[in-house]
J.: 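The structure follows.
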Amino acid sequence: MYGKRASQLLKEQACCENGQFTPFNSDLFDQVISECNEHSLQLQSLISTYVSNFDFHLKLPPILRYNRAEIIQDLRWKVGPVLPQEMQEKLNYSEEEYFKNHSAAIEAYMSEMDLDLTVDMVPPKDPYIRVRVLDDIGEVCLDDHSISLAKHSLHFLRRTDAEPFISQGLMEEFLE
């Protein structure tokens, strides 16, 4: 394991009392330098292989693939089921498929449980909010009534009813 010899060398130096001068273990020091050079050459070889290979993303070490998968999962919660074009350009084909499958699994779960997990990541203080309509939406049927959502009108709606329109940019929360 890398660093074992270096750790041993440091421990030897730390064991001596202050002001004591102990012989330097040059053999162990040479082994540490050799180990570092070997490790450096392996890393350089690995990096050049990834950069020169067109499909380098498929050969990423598992920890990097895991980190990218976590980022993709977070994206689903932040941007919704459709990735913006600038994000899609940063993903390879398998990552795009992972995003689609992850999104489909979330949608299936929410549908099965009849629960929208994307409405609020933090529980709201009040289930109702005051909103201003930014674009003429027209007549909309909500769970318990229908309402006309004309441009610039103000309404007091359930948060769950307003959130889809807010996320589409058709209305905004009206803060006094």
Side-chain angles (χ1 to χ4, degrees), residues 1-3 38-151 153-175:
M1 183 168 116
Y2 293 109
E38 180 185 327
H39 185 62
S40 177
L41 288 174
Q42 288 175 350
L43 283 175
Q44 287 174 359
S45 172
L46 184 65
I47 290 169
S48 67
T49 300
Y50 285 150
V51 170
S52 66
N53 189 341
F54 177 75
D55 292 329
F56 74 95
H57 54 269
L58 299 175
K59 297 180 180 179
L60 288 174
I63 189 67
L64 293 180
R65 284 193 309 253
Y66 177 79
N67 288 345
R68 288 184 67 86
E70 279 188 321
I71 292 168
I72 292 168
Q73 290 173 10
D74 288 343
L75 276 175
R76 170 55 178 87
W77 295 106
K78 291 177 184 172
V79 301
V82 179
L83 279 176
Q85 185 63 34
E86 64 270 8
M87 292 299 211
Q88 285 181 1
E89 292 170 358
K90 295 178 182 179
L91 302 178
N92 63 49
Y93 176 77
S94 61
E95 290 172 334
E96 287 177 17
E97 288 300 307
Y98 181 77
F99 179 84
K100 289 176 188 173
N101 292 337
H102 181 68
S103 186
I106 291 172
E107 293 294 328
Y109 178 78
M110 289 190 304
S111 174
E112 184 179 320
M113 301 304 287
D114 193 29
L115 177 68
D116 189 359
L117 297 174
T118 61
V119 173
D120 283 310
M121 297 308 285
V122 176
K125 294 177 183 176
D126 189 352
Y128 289 90
I129 60 172
R130 206 174 158 134
V131 294
R132 178 187 6 235
V133 180
L134 301 175
D135 199 8
D136 193 25
I137 299 170
E139 192 76 19
V140 175
C141 290
L142 302 176
D143 287 341
D144 54 354
H145 65 285
S146 79
I147 187 171
S148 178
L149 300 173
K151 190 173 185 174
S153 60
L154 296 175
H155 301 276
F156 195 64
L157 300 175
R158 285 193 312 213
R159 185 177 295 275
T160 55
D161 291 336
E163 281 295 329
F165 297 110
I166 292 172
S167 66
Q168 294 172 22
L170 298 174
M171 64 175 58
E172 66 184 358
E173 187 171 0
F174 183 72
L175 304 171

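No hydrogens, no waters, no symmetry mates; every other heavy atom, side chains included, goes into these values. Every value quoted in this text rests on a predicted model; they were computed, and no experiment measured them.
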J.: Under 4.5 Å between any side-chain heavy atoms of R132 and S153, yes or no?
T.: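 No - every pair of side-chain heavy atoms lies 4.5 Å or more apart.
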J.: Would you say I147 and D161 make side-chain contact, with heavy atoms under 4.5 Å?
T.: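 Heavy-atom side-chain distance check fails, nothing below 4.5 Å.
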J.: Drop me the distance from I106's CD1 to N101's CG, to the nearest 0.5 angstrom.
T.: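 The CG atom of N101 is 11.5 Å from CD1 of I106, to the nearest 0.5 Å.
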J.: Atom CD in E96, atom CD in E89: separation rounded to 0.5 Å?
T.: 10.0 Å
J.: Take I72 and H102 through the side chain to side chain contact (heavy atoms under 4.5 Å, CB included) test and state the conclusion after the steps.
T.: CA-CA 9 Å; I72 292 168; H102 181 68; 5.8 Å; no
J.: Just so I know, are the side chains of Y98 and Q73 near enough to count as touching, which here means a heavy-atom distance under 4.5 Å?
T.: yes
J.: Enter the distance from I71:CD1 to R68:CZ here, rounded to the nearest 0.5 Å.
T.: 7.0 Å
J.: Might you point out which heavy atoms bring I129 and A162 nearest each other, and give the distance in Å?
T.: CD1-CB, 3.9 Å
J.: State the CG-CD distance between L157 and E173, to the nearest 0.5 angstrom.
T.: 11.0 Å
J.: What closest approach, in Å, do L83 and Q88 show between heavy atoms, and which atom pair accounts for it?
T.: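 The pair with the smallest heavy-atom distance is O-NE2, 3.3 Å.
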J.: Between V133 and F165, is any pair of side-chain heavy atoms under 4.5 Å apart?
T.: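 No; the side chains remain at least 4.5 Å from each other.
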J.: Is L149 close to M171 at the side-chain level, that is, under 4.5 Å between some pair of heavy atoms?
T.: yes
J.: Nearest 0.5 Å please: distance from the CG atom of L142 over to the NE2 atom of H155.
T.: 10.0 Å
J.: Please name the pair of heavy atoms, one in R158 and one in Y128, separated by the smallest distance, quoted to 0.1 Å.
T.: CG-CE2, 3.1 Å
J.: Verify the neighbour count for atom CZ of F174: are there more than 12 heavy atoms of other residues, nucleotides or ligands below 6.0 Å?
T.: yes
